[in-house]
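Some notes on the structure that comes next.
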Amino acid sequence: MWETLRNYGHGTGHGVGFFLNVHEGPQTFNAAAIDVAVEPGMITSIEPGLYRVGKHGIRIENLVLTRKAGSSEFGDFLDFETLTICYIATDLIEKSLLEKRHLSWLNNYNQWVFDQLSTHLSSEEKNWLADKCKAI
């Protein structure tokens with residue numbers, strides 16, 4: 001969205017904790033710019049979405065764990081480990097609007113979901129999930 005100069009007008013994510021509040025800090029990614037460092041071990045929602053009144057809307061929300069990614073001469077780096085293991089439904093996606101790299105990410109993510117869950121499922125459940133996770 002940034003590359004096409006769009007802004008979705010709400011926060012990208014917030015902390016998730018043991019009180020199970022909707023928006024539980026201390027960390028948050030939004031316009032309020034709260035001065036709280038994101039640290040290893042924090043769980044954060046990642047929830048980009050785009051809404052256009054009378055036109056369309058989409059929002060995907062996952063939870064991620066902040067972890068150490070390494071250090072270099074430029075400092076310490078963090079990355080995120082995906083915690084939410086749920087396929088992203090593709091039946092409402094207009095494939096022609098996505099670039100190859102976005103399709104690749106989506107297909108890789110859904111394959112990862114299938115790989116994580118399929119060994120715990122019956123044959124019928126596995127077939128259902130395979131259909132939901134098939135590449136587009």
Side-chain angles (χ1 to χ4, degrees):
M1 290 192 308
W2 194 258
E3 291 172 358
T4 58
L5 305 176
R6 290 182 169 95
N7 184 1
Y8 44 90
H10 62 80
T12 300
H14 52 78
V16 178
F18 66 94
F19 286 113
L20 299 178
N21 291 321
V22 175
H23 296 100
E24 185 170 330
Q27 78 277 24
T28 185
F29 303 129
N30 66 27
I34 295 171
D35 191 21
V36 173
V38 176
E39 299 178 15
M42 288 181 161
I43 296 175
T44 306
S45 69
I46 302 293
E47 48 186 274
L50 185 63
Y51 305 101
R52 293 296 174 250
V53 176
K55 293 181 179 182
H56 59 269
I58 186 167
R59 185 172 182 156
I60 297 172
E61 185 165 348
N62 284 345
L63 296 181
V64 295
L65 172 68
T66 306
R67 61 185 185 185
K68 292 181 180 182
S71 297
S72 73
E73 64 185 284
F74 298 100
D76 297 326
F77 290 81
L78 303 173
D79 67 5
F80 297 117
E81 174 186 346
T82 299
L83 298 177
T84 305
I85 306 176
C86 182
Y87 69 92
I88 295 174
T90 58
D91 53 336
L92 296 176
I93 293 176
E94 179 56 54
K95 183 178 174 180
S96 66
L97 297 175
L98 297 179
E99 295 177 14
K100 184 177 179 180
R101 65 189 171 116
H102 299 133
L103 286 169
S104 178
W105 180 91
L106 176 60
N107 289 330
N108 288 338
Y109 175 81
N110 277 347
Q111 182 62 53
W112 175 80
V113 168
F114 181 80
D115 293 344
Q116 295 296 308
L117 297 177
S118 62
T119 60
H120 306 285
L121 303 175
S122 69
S123 292
E124 182 180 346
E125 293 165 335
K126 190 182 292 188
N127 289 336
W128 177 87
L129 184 61
D131 182 59
K132 297 297 182 184
C133 292
K134 69 183 174 195
I136 62 168

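The minimum heavy-atom distance between Leu121 and Leu117, with the atom names listed, is CG-O, 3.3 Å. Pairing each heavy atom of Thr119 with each of Gln116, the nearest pair is OG1-O, 4.3 Å.
Residue pairs meeting the salt bridge (Lys or Arg N to Asp or Glu O under 4.0 Å) criterion with at least one partner in residues 86-97, sequence neighbours excluded, are absent. Pairs passing the salt bridge (Lys or Arg N to Asp or Glu O under 4.0 Å) check and including a residue from residues 101-116, sequence neighbours excluded, read Glu3-Arg101, Glu99-Arg101. For residues 108-127, every residue pair satisfying the ring-ring contact (aromatic ring centres under 6.0 Å, His included) rule, not counting sequence neighbours, is listed here: Trp105-Tyr109, Tyr109-Trp112. For residues 126-136, every residue pair satisfying the salt bridge (Lys or Arg N to Asp or Glu O under 4.0 Å) rule, not counting sequence neighbours, is listed here: Asp131-Lys134. Listed by first then second residue, pairs satisfying salt bridge (Lys or Arg N to Asp or Glu O under 4.0 Å) with a partner in residues 26-42 number zero, not counting sequence neighbours.
A heavy-atom distance below 4.5 Å is not found between the side chains of Phe80 and Leu65.
Through ILVMFWY side-chain contacts below 4.5 Å, Leu97 is grouped with nothing and stands alone.
Residues satisfying the ring pair (Phe, Tyr, Trp, His ring centres under 6.0 Å) test with Tyr87, not counting sequence neighbours, are Trp128. Not counting sequence neighbours, the partners of Thr90 by the side chain to side chain contact (heavy atoms under 4.5 Å, CB included) test are Ile93, Leu106, Asn110, Ile136. Judged as a side chain to side chain donor-acceptor pair (under 3.5 Å), and not counting sequence neighbours, Ser123 has no contacts. Not counting sequence neighbours, the partners of Ser45 by the side chain to side chain donor-acceptor pair (under 3.5 Å) test are His14, Glu47.
The OG1 atom of Thr84 sits 4.5 Å away from atom CG of Asn62, with the distance rounded to the nearest 0.5 Å. The CD1 atom of Ile60 lies 10.5 Å from the SG atom of Cys86; values are rounded to the nearest 0.5 Å.
A chain of hydrophobic side-chain contacts below 4.5 Å, direct or via other Ile, Leu, Val, Met, Phe, Trp or Tyr residues, connects Leu103 to Val113.
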In residues 71-79, what donor-acceptor pairs under 3.5 Å come from side-chain atoms, sequence neighbours left out?
residue: Ser71; atom: OG; partner: Asp76; partner atom: OD1; Å: 2.5
residue: Ser72; atom: OG; partner: Phe74; partner atom: N; Å: 3.1
residue: Asp79; atom: OD1; partner: Arg67; partner atom: NE; Å: 2.7

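For the pair Thr44 (side chain) and Gly13 (backbone), a donor-acceptor distance under 3.5 Å is absent.
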